[in-house]
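These notes concern the structure reproduced below.
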Amino acid sequence: MTDNKPIYVTQPSLPPLAELLPYLESIWDSKWLTNGGPFHQQLEVRLAEYLGVGHLALVSNATIGLMVALQALQVTGEVITTPYSFVATAHSLLWNNLQPVFVDIDPGTCNMDPAAIEAAITPRTTALLPVHCYGTPCDVDAIQRIADAHDLHIIYDAAHAFAVRRGGESVLAHGDLSVLSFHATKVFNTFEGGAIICPDAQTKQRIDYLKNFGFADEVTVTAPGINGKMNEFQAALGLLQLKHLAAAIAARRGIAEIYAAELHGVEGIRCLAAPPADVTQNHSYFPIFVEPGYGLSRDGLYEALRKHGIHARRYFYPLISSMPMYRALPSAAAERLPVANRIAQEVLCLPIFSELEHDAARRIAGIVRDAGRGR
Ligand code: T4K
């Protein structure tokens, strides 16, 4: 590893270019570029098989996916969600004219705290929008019990949860709908892209209409849909990426193990606890939390890493609830979200991607260790 080459928080996995060429030739031959072409159809089938889910609708990205999912369920009023996420989670609510109600998170998982969800329900609440943050499954059983008791929809923002399994089944099977992201920075990428996991063929059909302007056929428009379609190039890339995915996730696991071992016992540095044994992780992120006892602030460590060309990221800081378009909401008050506010000040996501060399991961952990001791 050279010291002067920057290392970013992630680097997209790409298949060998030569493997892409036959797919491109096929697209060039058929001239079928988008609107549910053959690669799109194949990828929907292959992904549903790979993920172990019943029905799946590809979309152009997860943000559009969340917006379409909310439309598909005709969600109204207030939606309980987390302030500790990427802005797209809450933005999808505003784009649907829905009111986000932020609740605090569990410090161990960074996911929404079920007790806080229960306490935030009002007569206007119609849905829950939890995030499987960093790919750690939410407490899906508790969330389902709450939703059943109060007749609420659940849409999981599963942008980080590709291929995550729990108790032998896909975590994506929970809730009414789950939305995946295939952005360049994700474990499985199609440059931009995503998918909505649906419980049945009828719901998938409604979503397929919604992502294609609402068209059911040439002359029938069923709803005010949007253009949320994935094109043939992206779908072809997805088919190819699937072949390399197991190796990519295994490589990420190797990096996560190095960080966990090298940072174990470093005063003031907490790693996310390993999930229960029945959870299969995808190692999409490696967050650490800079707590009292470490020799630098979180931002001090962020800068120290930058000086060595290591571009760690503060996912998720600032909190969504502190952003101008959200901070006037009653639920956004910092005193109502003490855990999320603290974690947002402590978090730093270290670089993790399949091609990160083990020596580089050890060097990054070494910088974290040394910086805390003033070296
Ligand atoms: N819900 C959640 C919980 C999410 O985390 C996200 C997205 C969404 C919903 C919405 O999903 P999409 O609509 O995007 O499908 C990145 C991603 O753009 C975003 O997809 C992701 N979450 C978020 C956590 O991270 P930025 O603003 O940090 O990206 P950027 O451009 O700074 O990239 C981060 C690093 O990755 C760069 O420093 C270098 C590296 N990189 C990035 C790109 C784009 C590359 O090496 N190659 C690349 O092509 O948001």
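Numbers here simply count residues along the sequence, with the first being 1. Side chains are part of it too, since the values below use all heavy atoms of this structure and drop only hydrogens, waters and symmetry mates. When a ligand or atom number is given, it counts from 1 through the structure's own listing order.
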Response to the item:
the protein heavy atom lying closest to atom 5 (O) of ligand 1 turns out to be His160 NE2, 2.8 Å
Practice prompt. Name the closest protein heavy atom to atom 45 (C) of ligand 1, giving the residue it belongs to and the distance to 0.1 Å.
Written response: Pro12 CD, 3.6 Å
Worksheet item: Parallel, tilted or perpendicular: which fits the ring planes of Tyr326 and His91, with parallel below 30° and perpendicular above 60°?
Response: parallel
Worksheet item: Hey, which atoms in ligand 1 end up nearer than 4.0 Å to a heavy atom of Ala184?
Response: 49 (O)
Worksheet item: Pick one: which of Leu242, Leu20, Leu237 meets side-chain contact (heavy atoms from CB on, under 4.5 Å) with Pro15?
Response: Leu237
Worksheet entry | Minimum-distance protein heavy atom relative to atom 15 (O) of ligand 1 | Ser181 OG, 2.7 Å
Worksheet, complete the sentence: Short version for His311: what comes under 4.0 Å of ligand 1, heavy atoms counted, is neither
Response to the item:
The atoms of ligand 1 lying under 4.0 Å from a heavy atom of Thr10, numbered in the order shown, are 36 (O), 40 (C), 46 (O)
Item to complete: Check whether any side-chain N or O of Tyr294 sits under 3.5 Å from a backbone N or O of Val368 as a donor-acceptor pair, and report yes or no.
Response: yes
Discussion item. Under a 4.0 Å threshold between the charged nitrogen and the carboxylate oxygen, would Asp148 count as salt-bridged to Arg145?
Written reply: no
Worksheet item: What is the nearest protein non-hydrogen atom to atom 19 (C) of ligand 1, stated with its residue, atom name and distance?
Response: Lys186 NZ, 3.7 Å
Worksheet entry | Salt bridge Glu44-Lys211, side-chain N to carboxylate O under 4.0 Å | yes
Fill in: Numbered atoms of ligand 1 (with element) below 4.0 Å of Tyr285, judged on heavy atoms
24 (C)
Worksheet, complete the sentence: Ser85 heavy atoms within 4.0 Å reach ligand 1 at atoms 3 (C)
Discussion item. Give the atom numbers and elements of ligand 1 that come within less than 4.0 Å of a heavy atom of Ala88.
Written reply: 8 (C), 9 (C), 10 (C)
Worksheet item: Considering only protein heavy atoms, which is closest to atom 13 (O) of ligand 1, and at what distance to one decimal place?
Response: Thr63 OG1, 2.6 Å
Fill in: Closest protein heavy atom (residue, atom, distance) for atom 1 (N) of ligand 1
Asp157 OD2, 2.7 Å
Worksheet item: Does an N or O anywhere in Ala62 fall below 3.5 Å from an N or O of ligand 1?
Response: yes
Discussion item. If you take the centroid of each ring, where Trp contributes its six-membered ring, are Tyr156 and His174 closer together than 6.0 Å?
Written reply: no
Worksheet item: Side-chain donor-acceptor pair under 3.5 Å between Asp299 and Ser297, yes or no?
Response: no
Discussion item. Return the closest protein heavy atom for atom 25 (O) of ligand 1 as residue, atom name and distance.
Written reply: Tyr315 OH, 3.4 Å
Fill in: Residues Asp208 and Lys204 bridged, charged N to O under 4.0 Å
yes
Discussion item. Under 3.5 Å, is there a donor on one side chain and an acceptor on the other for Gln144 and Asp141?
Written reply: no
Worksheet entry | With His160, the ring pair (Phe, Tyr, Trp, His ring centres under 6.0 Å) member among Tyr285, Phe86, Phe182 | Tyr285
Worksheet item: What protein heavy atom is closest to atom 32 (O) of ligand 1, reported as residue, atom name and distance in Å?
Response: Arg313 NH1, 2.8 Å
